[in-house]
Amino acid sequence: GVHMVADGRGGTAWVSAARVAQVLDNLLANAIDASPHGGTVAVRANGRELHVVDEGPGLAPAERERAFDRFWTTGKKHGSGLGLSIAKRLVELDGGTIELRVADTGGVDATVLY
């Protein structure tokens, strides 16, 4: 019940393809869980940036700060609270950073920078 769109522009980053795939899998799972039925999840790659944007309710500033803590969840959906902490570690292994921004949609823009 969630639409997915992708937009990619060229760019090169020296990263592990397997790690990026796992990070993307975790970010997509969170975005799909947060999105309302009929909503859209957008994946955008631009240069060394990767964005996964949902149309969910978003996270309060305090929630965005804690979201990468192991076992922390919003309590709104299922999950163990490990996905984002694992994603953060995988991104850091490749020299990147990950953050959760407020999306123009009101949801979350999970942004990976390499």
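Nothing here was measured: the structure is a model prediction, and the numbers come from that model.
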Could you grab the distance from atom [atom1] of [X] to atom [atom2] of [Y], nearest 0.5 Å is fine?
X     : Y     : atom1 : atom2 : value
Asp25 : Leu90 : CG    : CG    : 11.0 Å
Arg19 : Glu92 : CZ    : CD    : 11.5 Å
Asn26 : Ile98 : CG    : CD1   : 8.5 Å
Asp54 : Ser35 : CG    : OG    : 4.5 Å
Arg89 : Asp94 : CZ    : CG    : 10.5 Å

Single-linkage hydrophobic cluster [X]~[Y], side-chain heavy atoms < 4.5 angstrom:
X      : Y      : answer
Val53  : Leu113 : no
Val108 : Val52  : yes
Leu59  : Val102 : no
Leu100 : Leu24  : yes
Val23  : Met4   : yes

Just do the side chain to side chain contact (heavy atoms under 4.5 Å, CB included) check on Arg70 and Leu82 with the steps written out, would you? CA-CA 5 Å; Arg70 286 183 292 155; Leu82 290 173; 4.2 Å; yes

Less than 4.5 Å apart, side chain to side chain, heavy atoms only: is that true for Asp109 and Arg44? yes

Side-chain heavy atoms of Leu50 within contact of Val43, under 4.5 Å: yes

Heavy atoms of Glu55 and Gly39 approach each other most closely as OE1-CA, 3.3 Å

Please report the closest heavy-atom contact between Pro36 and Val2, naming both atoms and the distance. O-CG2, 4.0 Å

Inspect the surroundings of CG in Asp104 and state if more than 12 heavy atoms from other residues, nucleotides or ligands are less than 6.0 Å away. no

Please evaluate residues Val91 and Tyr114 with respect to the criterion side chain to side chain contact (heavy atoms under 4.5 Å, CB included), reporting the C-alpha separation (whole Å), side-chain torsions for both, the decisive distance (0.1 Å), and the verdict. CA-CA 8 Å; Val91 169; Tyr114 288 109; 3.8 Å; yes

What residues, two or more places apart in sequence or in another chain, satisfy salt bridge (Lys or Arg N to Asp or Glu O under 4.0 Å) together with Glu99? Arg101

Run Asp69 and Phe71 through side chain to side chain contact (heavy atoms under 4.5 Å, CB included) and show every step you take. CA-CA 6 Å; Asp69 293 348; Phe71 305 113; over 6 Å; no

Option among Ile32, Val112, Thr111 that satisfies the side-chain contact (heavy atoms from CB on, under 4.5 Å) test with Leu27: Val112

Hey, mind stepping through Trp72 and Leu84 against side chain to side chain contact (heavy atoms under 4.5 Å, CB included) and telling me if it holds? CA-CA 9 Å; Trp72 184 86; Leu84 286 176; over 6 Å; no

